[in-house]
Amino acid sequence: MSNGDDEAPEDETEAPTDDAEASDDSVGADVTADALESRLDEAESALDGAETEADLDEVEATLDDIESALESADLPEPDEDDEDAEDPRAELESKLSDLRDGLEAQRGPYAEDVVGIVETAQSTVNDSEWTEDGEGEALEAIRSFLDTASEHVTHDADTETDLINAGSALETVADAIDAAGLDADEDADTIASLLEVAETLADDLEAAEVWDDLTVREQLDARGFYDILTNENRKDFPPEWNAAKLHAKQGNIEDVLFAFEKLGSEFMDEYIIDIFYHLGSDAEPAFEAMHEKAQRRDKGPIKVLGKIGDDRACETLHDFIDGDGDPALQKVTLRALGSIGSPDSVQPVANCLDSENEDIRSVAARTLGLLGDTRAVEPLGDLLKSDESDQARASAAWALRQIGTERALDEAAQYVDDRAYLVQAEAEKAASA
């Protein structure tokens with residue numbers, strides 16, 4: 001048998017010690033504003049004395065601990081009825097925020113900061129629309145940067161003679177800085193020097209002249225747009241009017257287009273669009289600008305697209321054939337498609353032969369004639385046979401004659417004795433072809 005000493009001991013779980021209670025309370029109600037203030041003061045002193053990134057890392061860890069303690073601290077709330085009441089939590093949070101700002105300001109600089117500035121400079125070089133003077137200023141700024149940067153990091157970049165190569169050169173230097181493995185502590189002086197020359201580059205590029213820095217007239221003048229004017233031909237006002245007309249006569253379409261894109265007034269837009277219209281296919285350099293304008297259903301640019309005759313416009317113009325209740329837009333679009341002459345337009349145009357508007361049916365028929373596709377013979381024959389409008393029927397007969405196949409001519413020639421003189425005339429021409 002077991003004696004008394006062998007009996008199982010009673011539960012010996014110890015009560016919490018005073019130290020444990022203090023530890024638990026340190027993240028709770030017993031954390032005072034004064035204690036947190038004191039810890040922030042110590043962190044501030046440590047920040048002032050920090051000399052390395054490792055020192056700053058320690059300060060950051062301390063601030064993280066203080067922030068956690070502050071979040072869980074049971075601090076007194078300010079009296080809502082007293083505008084001047086102190087708010088210890090807000091004051092501590094403000095000081096903590098200031099110390100974090102100071103910490104970030106004291107970090108670095110880092111090599112990646114330099115790389116970021118150089119990469120941004122590269123984007124500026126590639127994306128900016130430089131004037132002739134601005135291009136020279138930008139190239140000089142980049143050459144200066146490359147020369148100075150080579151004193152601190154090895155690279156083989158060269159601007160050569162243009163900004164395309166200059167942009168590539170900046171990318172080469174950025175890669176070289178990134179690959180150099182510069183340490184924020186050990187290479188602090190090198191990084192600071194590179195940062196200084198990179199910021200100088202950014203400032204110089206910002207100061208270099210781009211077209212947007214100039215007024216519209218200054219931009220036109222810098223391009224030499226007004227150089228074509230002389231005392232003898234400087235007769236129209238505004239001068240842009242006459243200069244655009246003279247450039248068009250000399251085939252300087254890019255100069256006319258530049259003025260169109262820059263001037264932007266309704267008056268000059270209409271004038272230059274009319275110039276493009278009369279240039280016909282020679283206005284091809286203006287296709288993109290006219291296509292963009294045409295997408296707003298502007299009739300002038302749609303007419304120009306027809307004169308240019310580029311198939312790329314057809315898909316856009318097919319969307320306008322219904323006119324959205326605007327017969328004038330329909331007719332302009334149909335005529336433009338006829339001028340372009342794409343086989344892809346046959347069916348969309350033929351659909352308009354069913355329009356309730358006899359003018360639209362007539363223009364659609366003539367457009368099919370210009371397209372010259374034999375698929376249109378049957379629907380044109382149906383229109384000629386049964387349409388109530390003599391104008392539309394005459395257009396159908398004309399279109400069949402334009403298509404000119406034996407079948408098309410035979411279809412039109414049936415109407416030599418038609419009630420309408422216009423139809424008779426077309427039928428007689430078809431019969432004698």
Side-chain angles (χ1 to χ4, degrees), residues 10-121 123 174 177-178 181-203 206:
E10 297 180 1
D11 187 357
E12 296 181 357
T13 303
E14 296 182 1
T17 64
D18 291 342
D19 289 342
E21 290 178 354
S23 176
D24 290 339
D25 290 343
S26 67
V27 292
D30 289 346
V31 178
T32 65
D34 288 343
L36 291 170
E37 179 78 26
S38 177
R39 293 178 66 184
L40 287 171
D41 289 341
E42 292 173 2
E44 184 175 15
S45 297
L47 179 60
D48 291 341
E51 296 181 353
T52 67
E53 289 294 316
D55 293 340
L56 294 174
D57 289 341
E58 290 183 9
V59 173
E60 184 170 21
T62 299
L63 294 179
D64 289 342
D65 290 341
I66 296 172
E67 183 173 14
S68 295
L70 178 56
E71 288 175 353
S72 60
D74 186 13
L75 301 179
E77 297 292 334
D79 185 351
E80 295 180 356
D81 297 328
D82 184 357
E83 294 182 358
D84 299 325
E86 293 184 357
D87 185 351
R89 184 179 297 278
E91 293 172 3
L92 291 167
E93 287 175 346
S94 176
K95 184 168 184 177
L96 178 62
S97 177
D98 290 344
L99 287 175
R100 287 200 183 278
D101 291 342
L103 174 68
E104 289 307 311
Q106 216 164 305
R107 285 193 180 278
Y110 305 108
E112 52 261 38
D113 296 333
V114 182
V115 171
I117 294 174
V118 177
E119 289 177 342
T120 299
S123 297
I177 295 171
D178 188 44
L182 299 174
D183 182 84
D185 290 328
E186 297 177 5
D187 302 303
D189 291 342
T190 297
I191 295 174
S193 297
L194 286 169
L195 185 63
E196 181 178 357
V197 296
E199 289 175 340
T200 298
L201 169 66
D203 290 342
E206 177 67 25

Checklist entry - Around Glu206, counting heavy atoms of other residues, nucleotides and ligands shown, do more than 12 lie under 6.0 Å from its CD? => result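 No.
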Item to check | Over 12 non-hydrogen atoms of neighbours within 6.0 angstrom of CG in Asp48 | outcome: yes
Checklist entry - So, does Thr120 use its side chain to make a donor-acceptor pair with the main chain of Gly116 at under 3.5 Å? => result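 Checking the backbone N and O of Gly116 against the side chain of Thr120, a donor-acceptor pair under 3.5 Å is found.
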Next on the checklist: Whether the side chain of Asp55 engages the backbone of Glu51 through a donor-acceptor N/O pair (distance < 3.5 Å, no angle test) should be reported.
Outcome noted: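 Indeed, once roles are kept as given, a pair shorter than 3.5 Å links the two residues.
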Next on the checklist: Using the salt bridge (Lys or Arg N to Asp or Glu O under 4.0 Å) criterion, which residues pair with Glu42? Sequence neighbours excluded.
Outcome noted: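 Partners of Glu42 under the salt bridge (Lys or Arg N to Asp or Glu O under 4.0 Å) test: none.
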Item to check | For Glu60, salt bridge (Lys or Arg N to Asp or Glu O under 4.0 Å) partners two or more places apart | outcome: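 With sequence neighbours excluded, Glu60 shows a salt bridge (Lys or Arg N to Asp or Glu O under 4.0 Å) to Arg107, given in chain and number order.
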Under 3.5 Å, sequence neighbours excluded: what are the donor-acceptor pairs made by side chains of residues 90-98?
from	atom 1	to	atom 2	distance (Å)
Lys95	NZ	Glu37	OE2	3.1
Lys95	NZ	Asp41	OD1	2.3

Item to check | Atom pair CG/CG of Asp87 and Leu75 - distance to nearest 0.5 Å | outcome: 9.0 Å
Checklist outcome for this item: dist Leu36:CG -> Arg89:CZ (nearest 0.5 Å) comes out at 9.0 Å
Checklist entry - Do you know which of Asp183, Leu182, Val114, Ile177 makes side-chain contact (heavy atoms from CB on, under 4.5 Å) with Thr190? => result Leu182
For a 4.5 angstrom cut-off between non-hydrogen side-chain atoms, does [X] reach [Y]?
{"X": "Asp74", "Y": "Val31", "value": "no"}
{"X": "Asp113", "Y": "Ile117", "value": "no"}
{"X": "Arg39", "Y": "Asp65", "value": "yes"}

Item to check | Check ion pair Asp64-Arg100 (N to O, under 4.0 angstrom) | outcome: yes
Next on the checklist: The test is side chain to side chain contact (heavy atoms under 4.5 Å, CB included); show your working for Leu56 and Leu47 and say whether it passes.
Outcome noted: CA-CA 7 Å; Leu56 294 174; Leu47 179 60; 3.7 Å; yes
